[in-house]
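This structure is a prediction, so every number in the text was calculated from the model and none was measured. Quick note: residue numbers are just sequence positions, from 1.
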Amino acid sequence: MKKILIIEDEKELANFIRLELEYEGNEVHISNDGREGLNQAIENEYDLILLDLMLPNLSGIEVCRRIRAHKDTPIIMITARDSVFDRISGLDSGADDYISKPFVIEELLAHMRAIFRRIDRSTKIHCLKFKDLSLDSAARVVKKEDAIIDLTKKEFDLLYLLMSNVNRVLTREILLETVWGYGSTIETNVVDVYISYLRTKLDDKNNTYIHTVRGTGYVMRM
């Protein structure tokens, strides 16, 4: 059983999702207000938060940012707005996945299962090393020698996946599905953007950590 918080101001939709998730055996709590939902998210422990983008009193983007300042609770952003800018803004604010209204409940459940699978995989291996990089998935800390590298959540998850598959070429599609979620509507070029972010933070004149395999994807090679 998972404990789930729904922060959604459309009461009929929130109640519909609650009934479906309770039918699946979950414990579900609802807030219809951004500020109230933020307080619930910070004061209580949840396995997953379903967060609407457009909320009264505090926007979903701001709620997500403030949650991320305190916790790593998985967040799926739910919204009627479907522009690339909105999707990227939601993910950059700390959301783990994104689903657009209208959706069928089976699609939401698939997104949730994908997130819980990623969590299960990440808890199996806590410490990874590659050259002078070290990654602690439990503490979510990356170090280059002894210096901590400040990464966003998506940058960390992307690096974790690459370091977990040293010498294996990962396609953009695999990286997108694993890091951004099953059925993500984000374009694969977002992967290229985040690889560029990682290279800026990691590479130096002596080391290039992530290599491009033209027409396929990326790899970290020993």
Side-chain angles (χ1 to χ4, degrees), residues 61 64-65 68-69 71-77 83-99 111 113-222:
I61 295 292
C64 191
R65 287 197 185 106
R68 279 290 166 263
K71 294 185 173 182
D72 286 324
T73 309
I75 297 172
I76 296 178
M77 194 77 80
S83 73
V84 172
F85 175 78
D86 289 327
R87 295 197 298 267
I88 292 176
S89 295
L91 295 169
D92 279 346
S93 69
D96 297 89
D97 201 355
Y98 198 105
I99 188 169
H111 280 258
R113 288 193 296 269
I115 282 182
F116 292 137
R117 282 198 302 271
R118 293 201 299 273
I119 292 171
D120 289 342
R121 284 196 295 266
S122 67
T123 56
K124 291 177 182 177
I125 303 173
H126 290 308
C127 296
L128 298 171
K129 292 188 179 295
F130 178 80
K131 296 183 179 179
D132 58 351
L133 295 179
S134 61
L135 181 151
D136 185 333
S137 65
R140 297 190 70 83
V141 170
V142 174
K143 290 184 179 180
K144 185 175 180 180
E145 295 183 345
D146 292 324
I148 294 177
I149 306 297
D150 185 24
L151 300 180
T152 66
K153 187 176 190 306
K154 291 301 179 190
E155 290 168 355
F156 183 95
D157 292 343
L158 187 57
L159 182 62
Y160 175 85
L161 183 57
L162 289 163
M163 288 181 66
S164 299
N165 292 275
V166 171
N167 295 323
R168 177 187 174 193
V169 177
L170 300 178
T171 66
R172 289 173 176 83
E173 290 75 17
I174 287 175
L175 293 169
L176 185 68
E177 179 175 320
T178 305
V179 175
W180 277 268
Y182 173 82
S184 175
T185 55
I186 299 296
E187 299 294 332
T188 55
N189 61 2
V190 170
V191 174
D192 301 330
V193 172
Y194 275 79
I195 290 291
S196 176
Y197 293 162
L198 282 174
R199 284 171 169 164
T200 298
K201 294 181 178 182
L202 299 177
D203 289 358
D204 54 48
K205 62 181 180 180
N206 297 316
N207 290 292
T208 298
Y209 296 91
I210 303 170
H211 298 275
T212 301
V213 180
R214 193 173 299 279
T216 305
Y218 297 97
V219 64
M220 298 182 80
R221 287 198 176 102
M222 292 298 291

Asks: Are the side chain of Asp203 and the backbone N or O of Tyr209 linked by a donor-acceptor pair below 3.5 Å?
Replies: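 Checked: pair present.
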Asks: Does CG in Asp204 sit with more than 12 non-hydrogen atoms of other residues, nucleotides or ligands closer than 6.0 Å?
Replies: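 Correct, the count exceeds 12.
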Asks: Regarding Asp192 and Arg172, does a basic nitrogen lie under 4.0 Å from an acidic carboxylate oxygen?
Replies: yes
Asks: Distance from Glu177 atom CD to Leu170 atom CG, nearest 0.5 Å?
Replies: 12.0 Å
Asks: Just checking Lys131: does its NZ atom have more than 12 heavy atoms from other residues, nucleotides or ligands closer to it than 6.0 angstrom?
Replies: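 Counting other residues, nucleotides and ligands, NZ of Lys131 exceeds 12 neighbours.
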Asks: Does any part of the side chain of Tyr218, heavy atoms only, come nearer than 4.5 Å to the side chain of Ile195, both counted from C-beta?
Replies: yes
Asks: Between Asp150 and Glu155, what is the shortest heavy-atom contact and its length?
Replies: O-OE1, 4.3 Å
Asks: Return the CG to CG distance between Asp132 and Asn207, rounded to the nearest 0.5 Å.
Replies: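 The distance works out to 5.5 Å.
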Asks: Testing the basics here: between Gly94 and Cys64, what is the closest heavy-atom pair and its distance to 0.1 Å?
Replies: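 Minimum heavy-atom separation between Gly94 and Cys64: C-SG, 3.6 Å.
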Asks: Show the numbers, then the answer: is there a side-chain contact (heavy atoms from CB on, under 4.5 Å) between Arg221 and Val166?
Replies: CA-CA 6 Å; Arg221 287 198 176 102; Val166 171; over 6 Å; no
Asks: Look at the side chain of Arg168 and the backbone N and O of Val219, then say whether any donor-acceptor pair between them is shorter than 3.5 Å.
Replies: no
Asks: Give, for atom NE2 of His111 and atom CD1 of Ile99, the distance between the pair rounded to the nearest 0.5 Å.
Replies: 4.0 Å
Asks: Judged by modelled atom types alone, do Asn165 and Tyr160 share a side-chain donor-acceptor pair under 3.5 Å?
Replies: no
Asks: Step by step, would you call Lys153 with Asp157 a salt bridge (Lys or Arg N to Asp or Glu O under 4.0 Å)?
Replies: CA-CA 6 Å; Lys153 187 176 190 306; Asp157 292 343; 3.1 Å; yes
Asks: Is the shortest side-chain heavy-atom distance between Val169 and His211 below 4.5 Å?
Replies: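 Val169 does not reach His211 side chain to side chain.
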Asks: Looking at Asn167, I'd like to know if its CG atom is crowded, meaning that more than 12 non-hydrogen atoms belonging to other residues, nucleotides or ligands lie closer than 6.0 Å.
Replies: yes
Asks: When rounded to the nearest 0.5 angstrom, what distance separates CZ in Arg199 from CD1 in Ile210?
Replies: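 Result: 6.5 Å between the selected atoms.
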Asks: Less than 4.5 Å apart, side chain to side chain, heavy atoms only: is that true for Leu158 and Met163?
Replies: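 Counting from C-beta outward, Leu158 and Met163 never come under 4.5 Å.
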Asks: Would you confirm whether Asp136, through its side chain, and Val142, through its main-chain N or O, come within 3.5 Å as a donor-acceptor pair?
Replies: no
Asks: Using 0.5 Å steps for rounding, measure from the CG atom of Leu128 to the CG atom of Leu133.
Replies: 10.5 Å
Asks: Output, in order, the C-alpha distance, side-chain angles, deciding distance and verdict of salt bridge (Lys or Arg N to Asp or Glu O under 4.0 Å) for Arg68 and Asp96.
Replies: CA-CA 11 Å; Arg68 279 290 166 263; Asp96 297 89; 2.9 Å; yes
Asks: Within a strict 4.5 Å, meaning less than it, do heavy atoms of the Leu202 and Leu159 side chains meet?
Replies: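 They are in contact (side-chain heavy atoms under 4.5 Å apart), so the answer is yes.
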Asks: If we only count heavy atoms from C-beta on, is the Val190 to Trp180 side-chain gap below 4.5 Å?
Replies: yes
Asks: Measuring only between side-chain heavy atoms, which start at C-beta, is Ile174 closer than 4.5 Å to Thr178?
Replies: yes
Asks: Under 4.5 Å between any side-chain heavy atoms of Leu151 and Leu198, yes or no?
Replies: yes
Asks: What is the distance from atom CG of Leu135 to atom NZ of Lys144, rounded to the nearest 0.5 Å?
Replies: 14.5 Å
Asks: Can you name the nearest heavy-atom pair linking Arg140 to Asp72, along with the distance?
Replies: CD-OD2, 3.1 Å
Asks: So Lys154 and Tyr197, do their side chains get closer than 4.5 Å, heavy atoms only?
Replies: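 A side-chain contact is absent here, since even the closest heavy-atom pair is not under 4.5 Å.
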